[in-house]
Amino acid sequence: MLTLKQIQDGRDEVIERLKIKNFDATAIVDQIIELDNQRKLTQTESEALQAEMNKISKSVGQLIQKGDINAANEARERTAGLKEQIKDLSSTLVSVERELLDLLVQLPNLPHQSVPSGKSAEDNLKVKEGGKMPELKDALPHWELAKKYKLIDFELGVKLTGAGFPVYKGKGAKLQRALINFFLEEACAAGYEEVLPPLMVNEDSAYGTGQLPDKEGQMYHVGIDNLYLIPTAEVPVTNIYRDVILSAEQFPVKNCAYSACFRREAGSYGKDVRGLNRLHQFDKVEIVQVAKPEDSYKILDQMVAHVQSLVDKLELPCRILRLCGGDMSFTSALTYDFEVFSAAQERWLEVSSVSNFESFQANRLKLRYRDADGGKPQLAHTLNGSALALPRIMAAILENNQTPEGIKIPRVLQPFCGFDIIK
RNA sequence: GGAGAGUUGGCCGAGUGGUCGAAGGCGCACGCCUGGAAAGUGUGUAAACCUCAAAAGGGUUUCGAGAGUUCGAAUCUCUCACUCUCCGCCA
């Protein structure tokens with residue numbers, strides 16, 4: 001969430017920049033400013049009374065010790081009215097603060113200067129395209145290949161759990177595991193420290209990264225223990241740094257994590273979600289960094305470069321998009337999407353999303369750092385990216401590498417799989 | 001799941017109603033000492049918010065969380081969460 005300071009000091013800028021996200025913030029911003037001013041007045045008043053109260057209480061103690069009971073009782077009588085007033089003021093303070101927070105969490109992050117305006121995915125800006133486009137005739141979609149070679153059993157998943165929970169089998173399972181290992185090894189080689197996080201998080205964590213309060217419908221909820229299945233490893237990994245004050249020498253903070261990811265994503269069906277295109281449970285390797293504000297965009301570029309190297313090594317045709325305001329997530333300041341081309345479906349599939357959240361998540365997380373020269377802690381920047389999401393990569397590998405002899409495994413994966421072709 | 005013990009500052013740990021943001025120690029920072037280092041020694045050592053043009057200064061809050069008793073709560077009462085120990089169960 002945005003800081004009150006950002007809003008108070010830059011009202012017009014906030015409103016202007018949120019227009020890029022097609023968000024009309026005027027009413028909310030003005031309400032926030034008004035409420036914040038009210039909050040300050042109330043707080044000042046309430047604290048003055050409390051100071052008065054504390055003084056009296058102290059004097060009562062002193063008078064009793066001196067044995068001056070009459071004076072003590074006199075002082076004691078003066079507190080009754082004060083007490084009432086303090087109670088009233090602090091309860092209005094609490095309700096004003098709650099209202100303020102309710103409004104603050106409604107404001108999306110400010111988009112970076114370079115974010116193009118636009119309404120939908122159509123308006124995203126293609127910044128790069130690379131790799132060799134496959135030229136295949138009569139290519140089979142991956143769900144048919146999966147059946148033909150007994151790699152993934154979608155029906156069995158339905159029996160065990162429901163739609164969107166495929167069962168990987170044989171070489172399909174091995175290929176999946178190979179991809180996970182490949183991605184983790186690459187991330188570690190790039191200096192990311194590996195973590196294996198819990199797959200469920202509590203409310204505080206879900207709130208910290210912004211899944212709550214608005215998007216609880218997207219997560220599976222375990223009611224009996226009030227825990228949420230993670231939609232991405234970003235949630236537990238970023239929350240490692242909740243309520244943390246980092247010191248200057250701890251940077252760079254780089255973590256990678258493999259996790260299963262769970263998404264309810266209710267309500268969309270059709271050919272776009274067939275096979276592996278959209279699942280309720282899938283595997284992903286995530287990279288996360290915490291950065292000083294002055295470094296965060298340089299780091300975003302590094303993360304983009306890392307993801308690109310993965311796609312290149314897998315020999316997949318790929319394009320990188322800078323998302324337009326309308327297509328960006330609520331929390332992001334700048335996002336690059338990676339899409340790979342899938343030969344049989346003849347469409348681009350999103351396989352990674354790399355974002356800088358600036359201080360938007362850090363503010364909720366209370367993630368701060370202290371510069372080498374001391375001084376007050378200030379909000380850090382957080383970034384993350386998929387490196388990579390597995391199912392669509394799997395889909396593209398299967399579809400693009402199909403040959404009459406079988407499906408060829410990209411060279412970099414062969415040591416991880418132990419085979420070079422699926423027949 | 002059953003029984004018991006606990007939760008205090010970066011860490012350890014004292015504190016059972018009043019001047020306690022909190023003794024003491026460790027750690028850390030800076031200084032002194034030293035040829036240099038260790039030891040020793042001195043000083044300092046939280047966060048958030050409000051006030052202030054800013055700094056200084058002042059104020060409020062924070063001793064697991066929330067509520068209560070009281071003029072006054074780390075300290076008393078209640079609720080909840082978590083941790084540890086023992087027993088049971090278990091990959």
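Throughout, a chain's letter reflects where its sequence line sits, starting with A, and its residues are numbered from 1.
- Between B/U8 and B/U83, the two C1' atoms lie 15 Å apart (nearest whole Å).
- Nucleotides B/A65 and B/G6 have their C1' atoms positioned 16 Å apart, rounded to a whole Å.
- For A/Arg78, no side-chain nitrogen or oxygen approaches OP1 or OP2 of B/C71 to under 4.0 Å.
- Taking the P atoms as reference points, B/A73 lies 13 Å from B/U60, given to the whole Å.
- We find that CG of A/Leu227 is positioned 10 Å from P of B/C82, with the value rounded to whole Å.
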Watson-Crick and G-U pairing of RNA chain B written in dot-bracket, each distance under 3.5 angstrom, with | for inter-strand partners: ((((((((.[[[..)..(.....]]]((((((.......))))))((((((.....)))))).[[[[[..)....]]]]])))))))....
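- Atom CG of A/Leu379 is separated from atom P of B/A47 by 14 Å (rounded to the nearest Å).
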side-chain hydrogen bond (donor to acceptor under 3.5 Å, both in side chains) for A/Thr335 and A/Ser332? Distances and angles first, verdict last. CA-CA 7 Å; A/Thr335 297; A/Ser332 173; 2.5 Å; yes
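- Residues meeting the ring-ring contact (aromatic ring centres under 6.0 Å, His included) test with A/Tyr207, sequence neighbours left out: none.
- Contact check, A/Arg370 against B/A47: a side-chain N or O comes under 4.0 Å of OP1 or OP2.
- Counting only heavy atoms from C-beta outward, the side chains of A/Val290 and A/Asn255 never approach each other to under 4.5 Å.
- Look at CD on A/Glu84: it is 12 Å from P on B/U70, rounded to the nearest Å.
- For A/Val60, counting side-chain heavy atoms from C-beta on, the closest listed nucleotide (B/C71, B/A47, B/C50) is B/C71.
- Side-chain N or O atoms of A/Asn22 include one that pairs as donor or acceptor with a backbone N or O of A/Gly118 at under 3.5 Å.
- Using a 4.0 Å heavy-atom distance criterion, A/Leu82 is classed as making no nucleic acid contact.
- Using a 4.0 Å cut-off between a side-chain N of Lys or Arg and a carboxylate O of Asp or Glu, A/Lys147 and A/Asp153 do not qualify as a salt bridge.
- Closest approach of A/Arg364 to A/Gly208, counting heavy atoms only: CB-O, 3.7 Å.
- Counting any heavy atom pair closer than 4.0 Å across all strands shown, A/Glu77 reaches no nucleic acid atom.
- Side-chain atoms of A/Ile245 lie closest to B/A47 of the nucleotides B/U19, B/A47, B/U60.
- The six-membered or imidazole ring of A/His112 lies near that of A/Tyr297, with a centre-to-centre distance under 6.0 Å.
- The backbone N or O of A/Glu234 lies less than 3.5 Å from a partner atom in the side chain of A/Thr232, making a donor-acceptor pair.
- Annotation: B/U79 and B/G24 have their C1' atoms spaced 35 Å apart (nearest Å).
- With both ends at atom P, the span from B/G21 to B/U45 equals 15 Å, rounded to whole Å.
- Look at CG on A/Leu63: it is 15 Å from P on B/C71, rounded to the nearest Å.
- Nearest to the side chain of A/Gln43, among B/A47, B/G18, B/C49, sits B/C49.
- Considering only heavy atoms from C-beta on, A/Asn384 stays 4.5 Å or farther from A/Gln289 through its side chain.
- The distance from atom CG of A/Asp243 to atom C1' of B/G10 is 15 Å, rounded to the nearest whole Å.
- Annotation: salt bridge (Lys or Arg N to Asp or Glu O under 4.0 Å) contacts involving residues 287-296 of chain A, sequence neighbours excluded, comprise A/Lys292-A/Asp371, A/Asp295-A/Lys298.
- The distance between atom CG of A/Leu49 and atom C1' of B/U60, rounded to the nearest whole Å, is 11 Å.
- Checked against the 6.0 Å centroid criterion, the rings of A/Phe251 and A/Tyr369 qualify as a close aromatic pair.
- Counting to the nearest Å, the P atom of B/C82 and the CG atom of A/Asp204 are 12 Å from each other.
- Comparing B/C33 with B/G40, their C1' atoms are spaced 8 Å from each other, to the whole Å.
- Look at CG on A/Leu4: it is 13 Å from C1' on B/C50, rounded to the nearest Å.
- Residues satisfying the salt bridge (Lys or Arg N to Asp or Glu O under 4.0 Å) criterion with A/Arg17, sequence neighbours excluded, are A/Glu13.
- For the P atoms, the distance from B/A48 to B/C26 is 28 Å, rounded to whole Å.
- No donor-acceptor pair under 3.5 Å is formed between the side chain of A/Thr238 and the backbone N or O of A/Val235.
- When the nearest nucleotides of RNA chain B are assigned to A/Arg76 and A/Lys87 by heavy-atom distance, the more 5′-ward of the two goes with A/Lys87.
- Of the residues in residues 88-104 of chain A, not one places a heavy atom less than 4.0 Å from an atom of RNA chain B.
- Comparing the same atom, P, in B/G1 and in B/U16 gives a spacing of 35 Å after rounding to whole Å.
- With salt bridges taken as basic N to acidic carboxylate O contacts below 4.0 Å, none links A/Lys87 and A/Glu84.
- The side chain of A/Ile64 approaches B/G18 more closely than any other nucleotide in the set B/G18, B/U51, B/A48.
- Between B/U19, B/U51, B/C71, one nucleotide has an atom nearer to the side chain of A/Gln62 than all others, and that is B/U19.
- Within residues 50-59 of chain A, the residues approached by RNA chain B to less than 4.0 Å at the level of any non-hydrogen atom are A/Gln50, A/Ala51, A/Met53, A/Asn54, A/Ser57, in residue-number order.
- Distances were taken from every side-chain heavy atom of A/Pro377 (C-beta onward) to each of B/C71, B/C50, B/A47; the shortest belongs to B/A47.
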